[in-house]
Amino acid sequence: MPDTSAETIAPPAPEPAPVSAPDTAAAALARRVAAGDRRALARAITLVESTRPDHRAEAVALLAALPDRQALRIGLSGTPGVGKSTFIEAFGLMLTGQGLRVAVLAVDPSSARSGGSILGDKTRMERLSRDPAAFIRPSPSRAELGGVARRTRETVRLAEAAGYDVVLIETVGVGQSETLVAEMSDLFVLLLAPAGGDELQGVKRGIMEIADLILVNKADGELRPTALRTVADYAGALRLMRKRAGDPEGFPKALPVSAVAGDGLTAAWAEMQALTDWRRAQGVFAARRAEQAEGWFLAEVRAGLLARLAEEPAAATLRRLGAEVAAGRTDPVAAAAEMLATLG
């Protein structure tokens, strides 16, 4: 008889097949953006621009799921009436004609009273907006400093993930925002009109110090001699300024262009490429991108702390301390220290 005293050991059961994590909406949207789906890109930008808490959570998940791609980021600013939209359209069409994909992120000023914006860039860039290799996205500034939307960095990240080769970031105008644009772009271009000495006096030194290229637009027809004199004026002013660290000899420089005639655009693009190539070879490009990433992180932390002040009970404490300071019962420095202590 068989020995039945020993316990029969059953063979181990096969391990269940691993169950893949359910596909999230953010991951699905990130895949569509990475595939170059323009509608998905527009939807993603709307998502990151939203201030709703649930949308912010989705936006964070979306950004984390995007592929790591890089485009050449070009910040562009100029005085009112200089023809920024005309220049961007002509420049963008030249780039798409060379087989490049171009994204234009235009920030329009918002009304301080209603908060509304006209968002007319697609109307002003009609030909470029019809180009399948171009993507134009106007966004309201929403009272952010100088007209750079808070989520512009995230929008740039989305455009890069979508496979665009060049991202043009147009600001509202000449002002304090240029420092912010320089912190999120690889090149900063200042567009000016033919004017000469008076115009030179009206442009802040700080803006010229951060510009990589100064392009004098409308250098055609009767204005061409004036434009060339203006270029000479700015070239002389740039030579008098201290040479910036991390720039090759000859930069920054001033050049004439005509957005209407298309003159000078190829030369300007060649200078941008030359400067970018030099910075890549010297390690300046990568170092600048690292600084920008750290700056983005710090900006988000600061914005998050300010957002906490608008929430209860911090908002009630802020109102109370503000009233005490206004009434002269509390010193502003002491009140600020108490407010910061409540945030933990």
Side-chain angles (χ1 to χ4, degrees), residues 30 33-34 41 44-45 47-49 56 59-77 88 100-107 135 137 139 141-142 144-172 174-190 206-213 244-248 251-252 271-306:
V33 170
L41 176 58
I45 294 175
L47 179 66
V48 301
E49 288 180 342
R56 285 308 306 155
V60 171
L62 168 65
L63 293 169
L66 292 173
D68 187 15
R69 295 173 179 166
Q70 284 192 350
L72 181 60
R73 306 170 183 173
I74 302 175
L76 180 70
S77 186
I88 290 175
L100 299 174
R101 299 182 68 209
V102 179
V104 179
L105 309 180
V107 182
F135 177 84
R137 174 71 181 209
S139 298
S141 62
R142 292 177 180 167
E144 293 290 333
L145 177 61
V148 179
R150 178 186 169 188
R151 300 301 174 187
T152 298
R153 291 182 179 90
E154 298 177 12
T155 306
V156 171
R157 175 88 171 82
L158 288 167
E160 288 183 319
Y164 286 92
D165 303 296
V166 179
V167 178
L168 297 173
I169 310 167
E170 179 195 3
T171 67
V172 169
V174 172
Q176 208 168 359
S177 66
E178 276 56 50
T179 302
L180 299 179
V181 174
E183 290 174 355
M184 65 180 72
S185 59
D186 304 312
L187 298 171
F188 178 67
V189 177
L190 181 61
I207 298 174
M208 292 182 61
E209 288 177 334
I210 63 175
D212 296 302
L213 280 179
R244 299 183 310 195
D247 278 350
F251 283 92
E271 296 290 356
M272 295 179 200
Q273 289 177 300
L275 180 56
T276 302
D277 292 343
W278 188 91
R279 285 177 173 173
R280 288 186 189 275
Q282 299 296 319
V284 176
F285 188 93
R288 183 171 180 145
R289 281 293 180 98
E291 292 177 1
Q292 290 174 355
E294 184 179 9
W296 185 0
F297 158 70
L298 294 174
E300 284 298 307
V301 170
R302 286 191 291 267
L305 290 174
L306 288 175

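For clarity, every value in this text was computed on a predicted model and none was experimentally measured.
Remark: Arg157 pairs with no residue by the side chain to side chain donor-acceptor pair (under 3.5 Å) rule, at least two apart or across chains. Residues meeting the side-chain contact (heavy atoms from CB on, under 4.5 Å) test with Ala65, sequence neighbours left out: Ala30. In this view, Ala59 and Leu47, Val48, Arg56 satisfy the side-chain contact (heavy atoms from CB on, under 4.5 Å) rule, not counting sequence neighbours. Qualifying side chain to side chain donor-acceptor pair (under 3.5 Å) partners for Gln70, counting only residues two or more places apart in sequence or in other chains: none. Scored by the side-chain contact (heavy atoms from CB on, under 4.5 Å) test, Gln282 finds Trp278, Val284 as partners (sequence neighbours excluded). In terms of the side chain to side chain donor-acceptor pair (under 3.5 Å) criterion, residue partners of Asp186 (sequence neighbours excluded) are, by chain and number, Arg289.
Taking every heavy atom of both residues into account, Leu41 and Ala159 meet most closely at CD1-N, 4.2 Å. Closest approach of Leu275 and Pro248 over heavy atoms only: CD1-CD, 3.4 Å. Minimum interatomic distance between Ala71 and Tyr164 (heavy atoms only, all atoms of both residues): CB-O, 3.1 Å.
To the nearest 0.5 angstrom, Leu76 atom CG is 6.5 Å from Glu170 atom CD. To the nearest 0.5 Å, the span separating CD on Glu49 from CZ on Arg137 amounts to 5.0 Å. For the atom pair CD1 (Ile169) and CE (Met184), the distance works out to 6.0 Å, reported to the nearest 0.5 Å. Between the CD1 atom of Ile45 and the OG1 atom of Thr152 there is a distance of 10.0 Å, given to the nearest 0.5 Å. Once rounded to the nearest 0.5 Å, the distance linking CD1 of Ile210 with OG of Ser77 reads 8.5 Å. Taken from CD1 in Ile74 to OG1 in Thr276, the straight-line distance is 7.0 Å, to the nearest 0.5 Å.
With Asp165 as reference, Arg101 is the one residue of Arg69, Glu160, Arg101 to meet the side-chain contact (heavy atoms from CB on, under 4.5 Å) rule.
A 4.5 Å side-chain heavy-atom check between Asp247 and Arg279 finds at least one atom pair inside the cut-off. Within the 4.5 Å cutoff, no side-chain heavy atoms of Leu187 are placed close to those of Leu213. Side-chain contact between Val156 and Trp296: absent, with no pair of heavy atoms (C-beta onward) separated by less than 4.5 Å. Residues Gln292 and Arg153 fail the side-chain proximity criterion, which asks for heavy atoms closer than 4.5 Å. For the pair Leu158 and Leu62, the minimum side-chain heavy-atom distance is below 4.5 Å.
For the pair Arg280 and Phe285, the cation-pi criterion (under 6.0 Å, within 45° of the ring axis) is fulfilled.
Salt bridge present: Arg151 and Glu300 bring a charged side-chain N and a carboxylate O closer than 4.0 Å.
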